[in-house]
Student: 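I have a structure here, written as structure tokens, and I will follow up with some questions on it.
Along the sequence shown, residues carry numbers from 1.
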Amino acid sequence: MIKVLIADDHHVVRRGLHFFLKTQKDIQVIGEAKDGAEAINLADELNPDVILMDLQMPVKDGIEATKSIVEKHPHIKVLILTSFADQDHVIPAIQAGAAGYQLKDVEPDELSAAIRAIYRGESQLHPKVTYHVLSHLSNENEAPQKKLKQLTKRELEVLHEICKGKSNKEIASSLYITEKTVKTHVSNILAKLELADRTQAALFAVKYLND
């Protein structure tokens with residue numbers, strides 16, 4: 001049985017969800033919360049498998065509750081169920097740790113399927129939501145790639161060597177240039193990438209530099 005906790009500040013919504021989910025043989029509603037704070041407490045007390053989480057609730061909203069629950073109970077899957085499909089709601093919810101995001105106009109059978117998928121460890125995003133997530137990821141990655149394009153071919157080679165943990169002397173030896181030239185390249189790399197030191201440069205390279 002998939003143990004489900006419903007968190008929504010509207011009694012009618014909670015009752016409707018509870019009534020429908022009772023018809024699913026493999027899903028059991030073990031509790032209801034009327035706000036984010038109660039959802040956090042019930043998550044501690046009841047240890048559900050999946051939480052259906054509304055976003056706009058009193059005391060604590062769904063994003064705060066999701067973040068708190070996922071940090072404390074990473075095995076609990078949170079499925080956002082809301083009326084909002086805009087980026088200002090979607091991105092913070094995903095960043096808070098929600099495993100899925102569905103809209104309240106979802107068909108009942110699709111909702112139960114989403115609960116099962118989340119329980120299996122799959123991500124479930126409404127089509128309207130997927131666009132926002134992909135767009136956000138694209139924009140997030142765009143700035144670092146623009147910075148990388150500022151580097152010369154030699155600076156990129158030096159950055160690769162920094163990523164391998166090599167010292168200036170070792171880089172000079174590998175690239176057949178002087179140590180002084182390496183220092184100049186490192187300074188230019190840090191300036192162009194807006195980084196403080198070579199450790200940050202190495203981390204940047206690991207994350208954004210394609211071999």
Side-chain angles (χ1 to χ4, degrees), residues 1-140:
M1 294 288 282
I2 304 172
K3 297 180 295 180
V4 174
L5 171 66
I6 300 169
D8 197 294
D9 62 331
H10 290 96
H11 178 73
V12 173
V13 173
R14 294 198 307 272
R15 289 287 83 196
L17 288 169
H18 197 150
F19 180 78
F20 165 67
L21 293 175
K22 276 178 69 176
T23 67
Q24 307 299 301
K25 294 179 181 178
D26 58 341
I27 296 174
Q28 177 189 10
V29 177
I30 59 171
E32 296 179 17
K34 61 183 179 297
D35 57 58
E38 191 175 8
I40 293 169
N41 292 335
L42 288 178
D44 291 339
E45 182 185 331
L46 303 175
N47 192 33
D49 297 309
V50 176
I51 300 178
L52 293 183
M53 183 79 74
D54 189 20
L55 282 183
Q56 288 202 336
M57 293 186 290
V59 189
K60 278 187 185 292
D61 63 26
I63 290 171
E64 287 181 284
T66 296
K67 190 170 187 231
S68 178
I69 290 166
V70 171
E71 282 178 354
K72 195 170 182 182
H73 308 284
H75 63 283
I76 295 178
K77 309 296 183 185
V78 176
L79 174 58
I80 301 297
L81 187 61
T82 182
S83 305
F84 301 99
D86 59 285
Q87 187 157 325
D88 289 342
H89 287 89
V90 173
I91 300 305
I94 301 301
Q95 289 175 334
Y101 197 111
Q102 289 291 335
L103 301 182
K104 285 184 175 177
D105 62 1
V106 66
E107 291 295 326
D109 288 343
E110 288 180 31
L111 178 60
S112 58
I115 290 171
R116 294 184 186 99
I118 289 261
Y119 178 70
R120 292 193 300 266
E122 300 171 18
S123 179
Q124 284 291 304
L125 298 176
H126 189 281
K128 289 181 183 176
V129 171
T130 304
Y131 167 77
H132 291 312
V133 174
L134 292 175
S135 175
H136 176 75
L137 290 174
S138 175
N139 291 337
E140 196 177 53

Student: Hey, could you give me the CD1/CE distance between Ile63 and Met53, rounded to the nearest 0.5 Å?
Tutor: 10.5 Å
Student: Are Leu111 and Leu79 packed together at the side-chain level, in the sense that at least one heavy-atom pair is separated by less than 4.5 angstrom?
Tutor: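 With C-beta onward as the side chain, the pair touches.
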Student: Find the distance between CD (Gln24) and CG (Leu21) and round it off to the nearest 0.5 Å.
Tutor: 6.5 Å
Student: Partners of Glu32 by salt bridge (Lys or Arg N to Asp or Glu O under 4.0 Å), sequence neighbours excluded?
Tutor: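 With neighbours one apart ignored, the set is Arg14, Arg15.
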Student: Considering all heavy atoms of both residues, which atom of Gly31 and which atom of Leu46 are nearest to each other, and what is their separation?
Tutor: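 Nearest heavy atoms, Gly31 then Leu46: CA-CD1, 4.0 Å.
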Student: Could you tell me the separation between the CG atom of Asp35 and the CG atom of Asp9, rounded to the nearest 0.5 Å?
Tutor: 8.5 Å
Student: With sequence neighbours left out, which residue pairs that include part of residues 100-111 fulfil the salt bridge (Lys or Arg N to Asp or Glu O under 4.0 Å) condition?
Tutor: Asp8-Lys104, Asp54-Lys104
Student: Heavy atoms only: give me the nearest Ala98-Ile80 pair and the separation to one decimal.
Tutor: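 So the minimum-distance heavy-atom pair works out to CB-CG1, 3.6 Å.
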Student: Any heavy-atom pair between the side chains of Leu125 and Ile94 that's under 4.5 Å?
Tutor: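 Yes, at least one pair of side-chain atoms sits under 4.5 Å.
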Student: May I ask you to check whether over 12 heavy atoms, not counting those of His18, lie within 6.0 Å of atom NE2?
Tutor: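 Count over threshold, so yes.
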Student: Please determine whether the number of non-hydrogen atoms from other residues, nucleotides or ligands lying under 6.0 Å from atom NZ of Lys3 exceeds 12.
Tutor: yes
Student: What is the minimum heavy-atom distance between Ala33 and Leu42, and which atoms define it?
Tutor: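 For Ala33 versus Leu42, the nearest heavy atoms are CB-CD1, 4.0 Å.
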Student: Can you list everything that forms a salt bridge (Lys or Arg N to Asp or Glu O under 4.0 Å) with Asp26? Sequence neighbours excluded, please.
Tutor: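 Salt bridge (Lys or Arg N to Asp or Glu O under 4.0 Å) check on Asp26 returns Arg116.
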Student: Any pair with a residue in residues 71-84 that passes salt bridge (Lys or Arg N to Asp or Glu O under 4.0 Å), sequence neighbours left out, goes on the list, sorted by first then second residue, please.
Tutor: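 For residues 71-84: Asp44-Lys72, Lys67-Glu71.
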Student: Do Leu52 and Ile115 have side chains that get closer than 4.5 Å, going by heavy atoms?
Tutor: yes
Student: If you measure from CG on Leu17 to NE2 on His10, what distance do you get to the nearest 0.5 Å?
Tutor: 12.5 Å
Student: What's the spacing between Ile76 CD1 and Ile118 CD1 if we round to 0.5 Å?
Tutor: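 Here the interatomic distance stands at 13.0 Å.
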Student: Can you find a pair of side-chain heavy atoms, one from Leu55 and one from Tyr101, that are under 4.5 Å apart?
Tutor: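 Sidechains of Tyr101 and Leu55: in contact.
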Student: How far apart are the closest heavy atoms of Ala39 and Ala7, and which atoms are they?
Tutor: CB-CB, 3.9 Å
Student: Would a 4.5 Å heavy-atom cut-off, applied to side chains only, mark Glu38 and Val59 as touching?
Tutor: no
Student: Could you tell me which residues satisfy salt bridge (Lys or Arg N to Asp or Glu O under 4.0 Å) with Lys60, sequence neighbours excluded, listed by chain and number?
Tutor: none
Student: Test of understanding: with ring pair (Phe, Tyr, Trp, His ring centres under 6.0 Å), list the residues that count as partners of Phe84, not counting sequence neighbours.
Tutor: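 Applying ring pair (Phe, Tyr, Trp, His ring centres under 6.0 Å) to Phe84 gives His89.
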Student: Mind checking the CD1-CG spacing from Ile51 to Leu81? Nearest 0.5 Å is all I need.
Tutor: 13.0 Å
Student: Would you call Ile69 and Ile40 a side-chain contact if the rule is heavy atoms closer than 4.5 Å?
Tutor: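 A side-chain contact exists here, since the closest heavy-atom pair is under 4.5 Å.
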Student: Taking all non-hydrogen atoms of both residues into account, name the closest pair between Pro48 and Val4 and its distance.
Tutor: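 Residues Pro48 and Val4, closest heavy atoms: CB-C, 4.5 Å.
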Student: Counting N and O atoms only, with roles assigned by atom type, does the side chain of Thr66 sit under 3.5 Å from a partner on the main chain of Gly62, one being a donor and the other an acceptor?
Tutor: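 A pair under 3.5 Å: yes.
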